[in-house]
Amino acid sequence: TDKTVKVLNILEKNIQDGSKLSTLLNHVNEERLWRDLIMERVTKSADACLTAINIMTSPNMPKAVYIEDVIERVIQYTKFHLQNTLYPQYDPVYRVDPHGGGLLSSKAKRAKCSTHKQRVIVMLYNKVCDIVSSLSELLEIQLLTDTTILQVSFIRIS
């Protein structure tokens, strides 16, 4: 149990590393390297989320493994990247124009959008889907605080 708790604490630090990184940058060549670095950190954090949640949803885990801080970090990561990475990539209405020209209607934004998605974004989408389904398993296994339940509900509603 002690080693598992230590692993989960290390995973929490990895989750925290990529939980506030925005992946939406312009497609300028100089920014491409920066975007690749950010996506690598975001993907590493998604793997840490999946590992932590898989440990917690494994059968016969002791109560000490259900660390509230780790669960909250996983939820924070999922919520942030749904709102700031995945929704804007799949629906241009969620995108914010960095130049301030946000007067286009939602239909016009959707018409201008390309349907091509980067392989890394699709991979992140699949990992976030796995995280959300594992969170639902965790809700059936462990009683969580009201604050945590509200955060998970926010993910579900959005």
Side-chain angles (χ1 to χ4, degrees), residues 8 11-58 67-142 144-158:
L8 287 170
L11 289 171
E12 179 191 0
K13 298 302 179 196
N14 284 311
I15 295 167
Q16 187 177 8
D17 182 45
S19 65
K20 295 283 186 181
L21 292 174
S22 179
T23 61
L24 297 177
L25 298 171
N26 295 332
H27 294 288
V28 179
N29 288 337
E30 295 173 5
E31 291 182 352
R32 183 173 173 90
L33 293 173
W34 185 246
R35 180 183 172 96
D36 291 343
L37 179 65
I38 289 174
M39 285 307 298
E40 183 179 324
R41 288 174 61 188
V42 167
T43 303
K44 177 190 68 159
S45 293
D47 290 335
C49 286
L50 277 172
T51 304
I53 218 77
N54 284 332
I55 289 171
M56 287 186 232
T57 56
S58 296
I67 303 169
E68 194 71 31
D69 291 340
V70 176
I71 296 169
E72 287 179 11
R73 287 275 186 233
V74 169
I75 293 169
Q76 177 187 16
Y77 174 89
T78 305
K79 193 169 129 181
F80 181 83
H81 283 291
L82 279 172
Q83 291 175 338
N84 296 303
T85 302
L86 296 174
Y87 293 160
Q89 285 292 331
Y90 282 90
D91 191 353
V93 174
Y94 290 96
R95 291 185 191 158
V96 176
D97 187 10
H99 304 297
L103 299 175
L104 294 175
S105 70
S106 61
K107 287 185 180 181
K109 283 183 178 180
R110 285 189 178 119
K112 287 177 62 176
C113 177
S114 70
T115 57
H116 174 70
K117 304 292 178 262
Q118 294 178 354
R119 185 179 59 88
V120 177
I121 297 296
V122 174
M123 188 172 48
L124 180 64
Y125 171 77
N126 291 329
K127 288 180 183 188
V128 168
C129 287
D130 290 342
I131 291 168
V132 170
S133 66
S134 295
L135 279 172
S136 68
E137 286 179 41
L138 184 63
L139 289 174
E140 294 174 8
I141 295 171
Q142 177 66 20
L144 300 172
T145 63
D146 292 342
T147 308
T148 305
I149 298 296
L150 286 173
Q151 294 298 322
V152 173
S153 299
F154 181 81
I155 290 171
R156 171 66 177 108
I157 291 169
S158 63

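What you see is a predicted model, and the numbers here were worked out from it, not measured in a lab. FYI, side chains are in, hydrogens and waters are out, and symmetry mates aren't considered; it's all heavy atoms of this structure.
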Which atom pair, heavy atoms only, marks the closest approach of Ile141 to Met56?
CD1-O, 4.4 Å
Is any side-chain heavy atom of Ile149 closer than 4.5 Å to a side-chain heavy atom of Ser153?
yes
Mind listing the closest non-hydrogen atom pair of Leu86 and Ile121 along with its distance?
CD2-O, 3.9 Å
Student check: side-chain heavy atoms of Val42 and Thr85 closer than 4.5 Å:
no
Any side-chain heavy atom of Leu11 within less than 4.5 Å of one from Val70?
no
Do the side chains of Thr147 and Glu72 get nearer than 4.5 Å, heavy atoms only?
no
Main-chain N/O of Val122 paired to Asn126 side chain as donor or acceptor, under 3.5 Å
yes
Side chains of Ile131 and Leu135 in contact at under 4.5 Å (non-hydrogen atoms):
yes
Considering non-hydrogen atoms only, spot the tightest contact between Ser45 and Gly18 and give its length.
OG-N, 2.9 Å
Can you tell me which residue among Ile55, Asn54, Ile53 is in a side chain to side chain contact (heavy atoms under 4.5 Å, CB included) with Thr51?
Ile55
So Gln151 and Gln76, do their side chains get closer than 4.5 Å, heavy atoms only?
no
Donor-acceptor contact present, side-chain Tyr77 to main-chain Val128, <3.5 Å:
no
Can you establish whether the number of heavy atoms outside Glu68 located under 6.0 Å from its atom CD is more than 12?
yes
For atom OH of Tyr125, is the number of surrounding heavy atoms from other residues, nucleotides or ligands below 6.0 Å larger than 12?
no
